[in-house]
Number of protein chains: 2
Amino acid sequence: MSDITPRSLRWRDSAPVRDEEIGRDDPLFVRAAARTMQVLSAFHGAEHPMSLSEVARAAGLDRSTTQRIVHTLRQLGYIQRDPRDSGYVPGIRIYDNIFDAMRLNRLIQPAVPLLLDLRRNVNERVDLSLIDDLRLVYAARLPPKREVLHAMLVGLGVPIYCTSAGWAVLSRLPEDEARDVIRRSDRKQYTARTLIDEEAIMEKAAEASCQGYVIAEEQLLPGEIGIGAAVVNAEGRPVAAINVTALLSDWTAEEFGRAVGPALVQTVSALNRR
Amino acid sequence: MSDITPRSLRWRDSAPVRDEEIGRDDPLFVRAAARTMQVLSAFHGAEHPMSLSEVARAAGLDRSTTQRIVHTLRQLGYIQRDPRDSGYVPGIRIYDNIFDAMRLNRLIQPAVPLLLDLRRNVNERVDLSLIDDLRLVYAARLPPKREVLHAMLVGLGVPIYCTSAGWAVLSRLPEDEARDVIRRSDRKQYTARTLIDEEAIMEKAAEASCQGYVIAEEQLLPGEIGIGAAVVNAEGRPVAAINVTALLSDWTAEEFGRAVGPALVQTVSALNRR
DNA sequence: TATTACTGTATCGCCAGTCGATACACAAGG
DNA sequence: CCTTGTGTATCGACTGGCGATACAGTAATA
């Protein structure tokens with residue numbers, strides 16, 4: 001079974017609903033809702049449609065409980081049976097939620113035309129991502145004219161510690177928070193050049209801080225070069241990031257920075273503080 | 001507040017979780033899960049970030065209950081507060097679910113390269129949509145070179161009764177089911193030319209049935225022309241649809257059909273019965 | 001043909017957990 | 001001042017969900 005993303009591109013470190021989060025000492029915390037979402041998020045990183053027991057295991061719930069919740073979610077359209085291979089998969093109803101999320105997101109709406117402008121200028125892949133603790137989640141993704149497969153990876157999460165956009169985000173955080181993010185990341189060595197040393201990463205953040213953007217070479221995928229900048233809100237806190245990605249075979253880092261950097265900074269500053 | 005979709009493009013007939021669905025006579029139906037999803041789907045068609053009371057009203061739940069569920073979903077990242085305007089909006093965690101849904105969908109994976117091929121041939125917007133009862137939900141959407149805004153409307157639902165893709169879907173259903181879908185649709189007159197008569201719609205379906213594709217002119221938006229074909233599974237039931245959309249100013253219906261039809265049929269048949 | 005290990009599905013009693021009433025602090029607008 | 005909206009918190013009554021337990025089917029062992 002092929003996948004819409006190459007194997008190397010599937011990061012599993014998206015944060016699932018953790019078991020410990022349930023049963024917390026919070027009178028307002030309704031466990032049933034958490035259980036429901038645990039079931040829904042049981043599909044994280046799954047390779048195949050999942051059987052009931054697999055869902056239960058992934059959700060950390062009893063098989064009986066899982067059964068009833070799955071049954072309910074199925075009736076509501078949030079879970080379906082896979083038509084061929086037997087097993088459960090997320091249902092179409094989910095798509096409604098993502099559409100609502102994008103529609104109500106104050107950042108995405110004004111960003112789209114600006115991203116299109118940027119793409120027109122630089123003619124490489126342009127991404128807008130939102131920040132989720134340790135990772136960036138693609139919210140919009142414009143492929144370059146030269147089409148690659150990644151047309152629709154909205155929802156994919158990439159780590160902050162080893163991406164250009166992530167470094168740009170770090171540069172806008174107070175130092176202690178930035179270091180905290182880095183430390184809590186499980187720094188995997190995706191390529192030989194992936195930075196995992198805290199100081200090295202902070203140095204990249206510093207670079208982003210003074211230039212407004214920062215370039216990452218081969219951090220997640222060999223042969224890939226990225227340039228990223230962070231979007232901040234009215235309080236100056238980072239809320240999103242934009243990055244442009246290209247192939248190292250087409251650019252040197254210096255050329256890439258000179259060609260794309262200014263346009264990127266301009267796009268980001270148009271979105272800042274809104 | 002601008003929106004990522006023009007006002008005329010926001011169909012509200014996406015099916016929310018209905019109140020009647022809760023409290024049904026089903027011992028396996030867990031109400032708490034339904035309540036949770038009612039809260040999550042309360043954002044359907046919302047124009048602004050919603051206050052607690054608005055969420056409660058939209059979800060059809062008590063304010064207290066809503067409060068606790070929102071509280072929980074917020075801790076889990078499925079709901080956030082809008083940073084500027086006060087109010088709740090769907091959280092980033094939602095994006096994980098959509099990504100899982102797409103990744104585990106057996107149809108989307110093999111479809112992407114085929115859609116790219118098709119787009120390369122016809123050079124107009126190409127959509128893949130999944131069927132959700134009365135509507136089609138965009139699952140992949142490839143904009144044409146000539147960029148329009150609609151870069152990322154994954155998750156948008158459009159009605160079946162008045163779209164080319166929808167007619168193609170109808171053509172693959174048994175007649176009684178097709179008529180049932182049409183009757184249950186609340187047939188709105190989007191444009192002057194929108195078909196709302198059952199027989200007229202069935203005729204379009206018949207056209208789709210013999211040609212393999214069908215053309216729709218100005219059904220949802222003035223000036224828009226679309227051509228659609230349905231994808232069927234091994235049992236011959238429709239599971240998805242592909243449509244190509246262009247501007248009436250660029251094509252006559254006949255030209256459009258001759259130019260795009262064969263390529264579309266070929267793409268669809270490559271996806272059929274898998 | 002048993003045996004085992006999976007599926008998905010169904011039933012039911014007990015008691016944990018949720019509902020919803022009720023209340024409070026605060027802000028905006030008349 | 002009152003009124004009407006926020007968001008948040010507390011708590012007792014009672015319901016509704018948990019999870020043990022069971023069963024039919026299927027597929028891959030022996």
Side-chain angles (χ1 to χ4, degrees), chain A residues 17 19-40 42-43 46-76 78-91 104, chain B residues 17 19-40 42-43 46-76 78-89 91:
Chain A
V17 179
D19 324 7
E20 316 93 58
E21 277 174 333
I22 203 177
R24 60 174 61 187
D25 185 25
D26 180 348
L28 289 184
F29 192 84
V30 12
R31 260 153 267 246
R35 275 188 282 259
T36 305
M37 301 321 290
Q38 282 180 316
V39 168
L40 258 192
F43 297 94
E47 308 260 356
H48 313 284
M50 298 173 89
S51 79
L52 192 60
S53 310
E54 288 176 310
V55 172
R57 201 174 327 116
L61 294 174
D62 186 85
R63 222 176 73 102
S64 282
T65 305
T66 308
Q67 170 207 354
R68 285 174 302 107
I69 293 180
V70 164
H71 173 84
T72 304
L73 292 179
R74 202 138 82 95
Q75 298 222 2
L76 298 178
Y78 287 98
I79 287 181
Q80 305 175 332
R81 306 229 64 194
D82 184 274
R84 306 195 300 136
D85 188 273
S86 61
Y88 299 105
V89 293
L104 291 174
Chain B
V17 178
D19 325 8
E20 316 93 60
E21 277 174 334
I22 203 177
R24 61 175 61 190
D25 185 25
D26 180 348
L28 288 184
F29 191 83
V30 8
R31 262 152 263 246
R35 275 188 283 259
T36 307
M37 301 322 289
Q38 281 179 317
V39 169
L40 259 192
F43 297 95
E47 307 261 357
H48 312 284
M50 299 174 88
S51 79
L52 193 59
S53 310
E54 288 177 309
V55 173
R57 200 174 328 115
L61 294 174
D62 186 85
R63 223 177 70 103
S64 283
T65 306
T66 308
Q67 170 206 356
R68 286 174 301 109
I69 293 180
V70 165
H71 173 84
T72 304
L73 291 178
R74 202 138 80 95
Q75 298 222 2
L76 298 178
Y78 286 99
I79 286 181
Q80 304 174 333
R81 306 231 62 195
D82 184 275
R84 305 194 301 139
D85 187 273
S86 60
Y88 298 104
V89 292

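In what follows, chains carry the letters A, B, and so on, assigned in the order in which the sequence lines appear, proteins first and then strands, with residues in each chain numbered from 1.
The shortest heavy-atom contact between Thr36(B) and Ala33(A) is OG1-CA, 3.3 Å. When all heavy atoms are compared, the tightest approach of Ala34(A) to Leu76(B) is CA-CD1, 3.8 Å.
Put simply, the side chain of Arg63(A) does not reach to within 4.5 Å of the side chain of Thr66(A), judged on heavy atoms. Counting heavy atoms from C-beta on, the side chains of Arg81(B) and Tyr88(B) come closer than 4.5 Å. Within the 4.5 Å cutoff, no side-chain heavy atoms of Met50(A) are placed close to those of Arg57(A). Two residues are said to be in side-chain contact when any heavy atoms from C-beta on lie closer than 4.5 Å; Val70(B) and Gln67(B) fail this criterion. Side chains of Arg35(A) and Val30(B) form no contact here, defined as non-hydrogen atoms less than 4.5 Å apart.
When only modelled atom types and interatomic distance are considered, His71(A) and Gln75(A) share a side-chain donor-acceptor pair under 3.5 Å.
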Could you pull out the protein-nucleic contacts involving nucleotides 8-10 of chain C (nitrogen or oxygen on both sides, under 3.5 Å)?
{"from": "dG8(C)", "atom 1": "OP1", "to": "Leu52(A)", "atom 2": "N", "distance (Å)": "3.3"}
{"from": "dG8(C)", "atom 1": "OP1", "to": "Arg81(A)", "atom 2": "NH2", "distance (Å)": "3.4"}
{"from": "dG8(C)", "atom 1": "OP2", "to": "Leu52(A)", "atom 2": "N", "distance (Å)": "3.1"}
{"from": "dT9(C)", "atom 1": "OP2", "to": "Tyr88(A)", "atom 2": "OH", "distance (Å)": "3.3"}
{"from": "dT9(C)", "atom 1": "O4", "to": "Arg63(A)", "atom 2": "NH2", "distance (Å)": "3.1"}
{"from": "dA10(C)", "atom 1": "N7", "to": "Gln67(A)", "atom 2": "NE2", "distance (Å)": "2.9"}
{"from": "dA10(C)", "atom 1": "N6", "to": "Gln67(A)", "atom 2": "OE1", "distance (Å)": "3.3"}

Using atom names, set out every protein N or O paired with an N or O of nucleotides 26-30 of chain C below 3.5 Å, distance rounded to 0.1 Å.
none

Check nucleotides 15-17 of chain D against the protein and report each pair of N or O atoms closer than 3.5 Å, with its distance, or say if there are none.
{"from": "dG17(D)", "atom 1": "OP1", "to": "Arg31(B)", "atom 2": "N", "distance (Å)": "3.2"}
{"from": "dG17(D)", "atom 1": "OP1", "to": "Ala32(B)", "atom 2": "N", "distance (Å)": "3.1"}

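One axis for each end of the helix from dT1(C)-dA30(D) to dC24(C)-dG7(D), each built from five base pairs, and the angle between them comes to 40° at 10° resolution.
Leu73(B) places its CG atom 16 Å from the C1' atom of dG7(D), with the value rounded to the nearest Å. Between the C1' atom of dG19(D) and the CZ atom of Arg57(A) lies a distance of 18 Å, rounded to the nearest Å.
Checking each of Thr72(B), Leu73(B), Thr65(B) against Val39(B) for a side chain to side chain contact (heavy atoms under 4.5 Å, CB included) leaves exactly one that passes, namely Leu73(B).
Scored by the side chain to side chain contact (heavy atoms under 4.5 Å, CB included) test, Ser64(A) finds Asp62(A) as partners (sequence neighbours excluded). Annotation: side chain to side chain contact (heavy atoms under 4.5 Å, CB included) contacts of Ala42(A) (sequence neighbours excluded): Val55(A), Ala58(A), Ala59(A).
Both the sub-6.0 Å distance and the 45° axial angle are not jointly satisfied by Arg68(B) relative to the ring of Phe29(A).
Between the CD atom of Gln38(B) and the CZ atom of Arg31(B) there is a distance of 11.5 Å, given to the nearest 0.5 Å.
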